[in-house]
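Some notes on the structure that comes next.
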Amino acid sequence: MSISKKGLRKVQLVDGIFIASEASDVISSLIRERINFLKLHKLSMCEENVNSDTGYDDSRVNELTKEKKEFKAICKEAKIMGKKIKINGILDIETID
């Protein structure tokens, strides 16, 4: 794949209607992978320099952990109410200078 002149690309990561347990699995997996990436990035930074500023990674892990808990609550409520969950996840990817 080549980079277009604009350098913009959209990737449809998730698109569908799910029962609550499936939606929980999909979103939890995505968030878990992002948290793992941030933790590995932090570890890598600290291996290079123990005084590295890992504030961004730490705050993102905390935010994502909170989001994961909130989404699980939404899924639990949807399951109790017999509702399905629509997920539309698009990644906007852009090359920048």
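For the numbers below, each heavy atom of this structure counts, side chains included, while hydrogens, waters and symmetry mates do not.
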Kindly give the heavy-atom pair with the smallest separation between Cys75 and Ile85, and that separation in Å. SG-CD1, 3.6 Å
Hydrophobic cluster membership, with links at side-chain heavy-atom distances under 4.5 Å among I/L/V/M/F/W/Y: are Met81 and Phe71 in one? no
For Asp15, all residues meeting salt bridge (Lys or Arg N to Asp or Glu O under 4.0 Å), sequence neighbours excluded: Lys86
Please list, chain by chain and in numerical order, all residues satisfying side-chain contact (heavy atoms from CB on, under 4.5 Å) with Leu13, sequence neighbours excluded. Leu30, Leu91
Would Val26 and Leu64 show up in the same hydrophobic cluster when neighbours are defined by side-chain heavy atoms closer than 4.5 Å? yes
Listed by chain and number, what are the side-chain contact (heavy atoms from CB on, under 4.5 Å) partners of Lys72, not counting sequence neighbours? Ser24, Ser28, Lys68
With a cut-off of 3.5 Å and sequence neighbours excluded, list every side-chain donor-acceptor pair involving residues 36-43.
| unit_1 | atom_1 | unit_2 | atom_2 | d |
| --- | --- | --- | --- | --- |
| Asn36 | ND2 | Arg32 | O | 3.4 |
| His41 | ND1 | Asp57 | OD2 | 2.7 |
| Lys42 | NZ | Asp58 | OD1 | 2.8 |

For Glu63, enumerate each residue passing the salt bridge (Lys or Arg N to Asp or Glu O under 4.0 Å) test, keeping only those at least two apart in sequence or located in another chain. Arg60
Taking side-chain hydrogen bond (donor to acceptor under 3.5 Å, both in side chains) as the definition, give me every residue that meets it alongside Lys10, ordered by chain and number, with sequence neighbours left out. Asp92
Residues two or more places apart in sequence or in another chain: which of them pass side-chain contact (heavy atoms from CB on, under 4.5 Å) with Lys76? Ile80
For residues 17-26, which residue pairs pass the salt bridge (Lys or Arg N to Asp or Glu O under 4.0 Å) check, not counting sequence neighbours? none
Can you see which heavy atom on Tyr56 is nearest to which on Ser59, and at what distance? O-OG, 3.0 Å
Point-to-point distance, once rounded to the nearest 0.5 Å, from CD1 of Ile27 to CD of Glu70: 13.0 Å
Those residues at least two apart in sequence (or on a different chain) that pass salt bridge (Lys or Arg N to Asp or Glu O under 4.0 Å) with Lys69 are none
Which residues share a side-chain hydrogen bond (donor to acceptor under 3.5 Å, both in side chains) with Gln12, sequence neighbours left out: Asn88
Excluding sequence neighbours, so at least two apart, what forms side-chain contact (heavy atoms from CB on, under 4.5 Å) with Asn49? Asn51, Ser52
